[in-house]
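These numbers were taken from a predicted model, which means no experiment stands behind them.
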Amino acid sequence: MNKTVLITGVGKRIGYALAKHFLARGDNVIGTYRSHYDSIEQLRKLGATLIQCDLTETTSVANLIEQVNSAARLDCIIHNASDWLPDNNPLSPSDTINRMMQVHVNAPYEINLALADLLIQSAQLNTDVVGASNIIHITDYVAEKGSKKHIAYAASKAALHNLTLSFASKLAPHVKVNSIAPAMILFNEHDDDAYKVKALAKAILPKEAGNHEIIALVEYLQSSHYVTGRSYAVDGGRQLM
Ligand SMILES: NC(=O)C1=CN([C@@H]2O[C@H](COP(=O)(O)OP(=O)(O)OC[C@H]3O[C@@H](n4cnc5c(N)ncnc54)[C@H](OP(=O)(O)O)[C@@H]3O)[C@@H](O)[C@H]2O)C=CC1
Ligand SMILES: Nc1nc2c(c(=O)[nH]1)N=C([C@H](O)[C@@H](O)CO)CN2
């Protein structure tokens, strides 16, 4: 039976890789994007439903919810979209923390509440299993560690994991809710060699992990009928440094 997966932030990098993977698996993919790239048209050609949505705009989030709620089913939501905003940006501290909380907490909270019934109805089509539907919050290693240069970002990712705990309790047994807490999955184009050396030295497995590490963990969480309310680190053993 084809599953339907909602992924936020599919225009590039991890979100784009997730969308391509689930399309190749035969799933129905609903992807949100803020900026338009050629990748969006590539996903559309592969059969994805693409919805433009800026998670900082409440009307945009409301429009997304209305469109997804008209779907026949919804089996998984992956909250991937994120703004890695450093504290030393042009915005005021108040606008910085508000933006981080809006993108990483307020929007996922609204979306989960509004789409919960659809997730539950879809799970109930699988009468023989519990936890057939999934919500996955992609947080960050810094949710547990903090960050000197991304204080607001880290705090919002910690709050996002707290949503995992609450929604896991609220939506059991039909919907599992888990966090994935990555570190050093993909460098950014502007990262210089000095940054790369410093970043890789932070883990006992010093490598740029790659999209497949996230994809494989999402597959596992979807296949499980017993893991919920937990955070799964993908961080090269950083905590042991
Ligand atoms: N890459 C890594 O090494 C790590 C990643 N993570 C987490 O993994 C996830 C994916 O990471 P990665 O692919 O690198 O993320 P990117 O920052 O490269 O892309 C995130 C996506 O979210 C979108 N986005 C940003 N702000 C908004 C907004 N206001 N409304 C809607 N969409 C928005 C971006 O759209 P646009 O193109 O318009 O900017 C982009 O498509 C994120 O949650 C990230 O925090 C955590 C730790 C490490
Ligand atoms: N939205 C994003 N969040 C994060 C990114 C990113 O590129 N976009 N990158 C990182 C770093 O890779 C960091 O984990 C390196 O230590 C963190 N979050």
Side-chain angles (χ1 to χ4, degrees), residues 1-9 14-15 17-19 21-22 24-30 68 73-82 104-105 107-109 111-145 154 156-185 203-205 209-240:
M1 168 201 336
N2 289 357
K3 302 276 189 177
T4 298
V5 187
L6 169 63
I7 306 168
T8 64
I14 294 174
L18 283 166
H21 174 81
F22 291 117
R25 197 178 73 173
D27 289 346
N28 300 311
V29 171
I30 304 172
V68 177
R73 64 180 299 143
L74 182 63
D75 302 280
C76 183
I77 303 175
I78 302 176
H79 292 286
N80 165 78
S82 166
H104 299 139
V105 188
Y109 170 72
I111 290 165
N112 290 349
L113 284 177
L115 299 179
D117 286 345
L118 189 53
L119 286 166
I120 292 167
Q121 290 159 19
S122 302
Q124 290 172 326
L125 297 174
N126 304 275
T127 52
D128 57 334
V129 295
V130 296
S133 289
N134 290 272
I135 295 173
I136 295 171
H137 296 128
I138 300 189
T139 61
D140 189 312
Y141 166 77
V142 298
E144 70 176 35
K145 182 81 183 288
S156 68
K157 289 285 192 168
L160 179 58
H161 175 62
N162 195 266
L163 293 187
T164 292
L165 306 178
S166 300
F167 278 105
S169 296
K170 180 178 177 63
L171 301 181
H174 300 295
V175 185
K176 305 193 313 291
V177 187
N178 291 288
S179 299
I180 293 177
M184 207 50 266
I185 306 302
I204 58 176
L205 301 181
N211 293 318
H212 60 280
E213 291 279 351
I214 303 299
I215 291 168
L217 184 48
V218 170
E219 290 264 11
Y220 163 68
L221 292 174
Q222 288 178 326
S223 68
S224 168
H225 297 291
Y226 196 57
V227 298
T228 195
R230 289 294 187 183
S231 177
Y232 294 81
V234 186
D235 62 12
R238 281 195 173 199
Q239 83 284 8
L240 298 177

To check you understand the geometry: which heavy-atom pair defines the closest contact between [X] and [Y], and what is its length?
{"X": "Lys157", "Y": "Thr139", "answer": "NZ-O, 3.3 Å"}
{"X": "Ala116", "Y": "Leu171", "answer": "CB-CD2, 3.8 Å"}
{"X": "Thr228", "Y": "Ala168", "answer": "OG1-CB, 3.6 Å"}
{"X": "His174", "Y": "Ala123", "answer": "O-CB, 3.4 Å"}
{"X": "Asn126", "Y": "Ala132", "answer": "ND2-CB, 3.6 Å"}
{"X": "Ile138", "Y": "Leu160", "answer": "O-CD2, 3.5 Å"}

(request) Scan Ile14, Val218, Ile78 and name whichever one has a side-chain contact (heavy atoms from CB on, under 4.5 Å) with Ile7. (result)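 Of Ile14, Val218, Ile78, side-chain contact (heavy atoms from CB on, under 4.5 Å) with Ile7 is met by Ile78 alone.
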(message) Could you check whether atom OH of Tyr232 has more than 12 heavy atoms from other residues, nucleotides or ligands sitting under 6.0 Å from it?
(response)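 Yes, the 6.0 Å shell around OH holds more than 12 heavy atoms from other groups.
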Drop me the distance from [X]'s [atom1] to [Y]'s [atom2], to the nearest 0.5 angstrom.
{"X": "Glu144", "Y": "Arg238", "atom1": "CD", "atom2": "CZ", "result": "10.5 Å"}
{"X": "Asn178", "Y": "Ile136", "atom1": "CG", "atom2": "CD1", "result": "7.0 Å"}
{"X": "Thr8", "Y": "Ile30", "atom1": "OG1", "atom2": "CD1", "result": "12.5 Å"}
{"X": "Asn112", "Y": "Leu119", "atom1": "CG", "atom2": "CG", "result": "7.5 Å"}
{"X": "Leu74", "Y": "Leu115", "atom1": "CG", "atom2": "CG", "result": "6.0 Å"}
{"X": "Ser231", "Y": "Ile180", "atom1": "OG", "atom2": "CD1", "result": "8.5 Å"}

Evaluate the side-chain proximity of [Y] to [X]: yes if any heavy-atom separation is below 4.5 Å, no if none is.
{"X": "Leu113", "Y": "Phe167", "answer": "yes"}
{"X": "Ser223", "Y": "Leu221", "answer": "no"}
{"X": "Val130", "Y": "Tyr226", "answer": "no"}
{"X": "Leu163", "Y": "His137", "answer": "yes"}
{"X": "Gln222", "Y": "Cys76", "answer": "yes"}
{"X": "Asn134", "Y": "Asp75", "answer": "no"}
{"X": "Val227", "Y": "Tyr220", "answer": "yes"}

Residues that [X] engages under side chain to side chain contact (heavy atoms under 4.5 Å, CB included), provided they are two or more places apart:
{"X": "Ala209", "result": "Ile185, Glu213"}
{"X": "Asn28", "result": "Asn2, Thr4"}
{"X": "Ala233", "result": "Asp235"}
{"X": "Asn162", "result": "Leu165, Ser166"}

(message) For Arg25, give me all partners under salt bridge (Lys or Arg N to Asp or Glu O under 4.0 Å), at least two apart in sequence or on another chain.
(response)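 If we apply the salt bridge (Lys or Arg N to Asp or Glu O under 4.0 Å) test to Arg25, skipping adjacent residues, the hits are Asp27, Glu219.
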(message) The criterion is salt bridge (Lys or Arg N to Asp or Glu O under 4.0 Å); which residues satisfy it with Asp140, sequence neighbours excluded?
(response)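 With sequence neighbours excluded, Asp140 shows a salt bridge (Lys or Arg N to Asp or Glu O under 4.0 Å) to no residue whatsoever.
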(message) Under a plain distance cut-off of 3.5 Å, with no hydrogens placed, do Ser179 and Thr164 share a side-chain donor-acceptor pair?
(response)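 A donor-acceptor contact under 3.5 Å links the two side chains.
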(message) Between Lys176 and Ser224 (side chain of the first, backbone of the second, donor and acceptor by atom type, cut-off under 3.5 Å), is there such a pair?
(response)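 Flag set: sc Lys176 to bb Ser224 pair under 3.5 Å.
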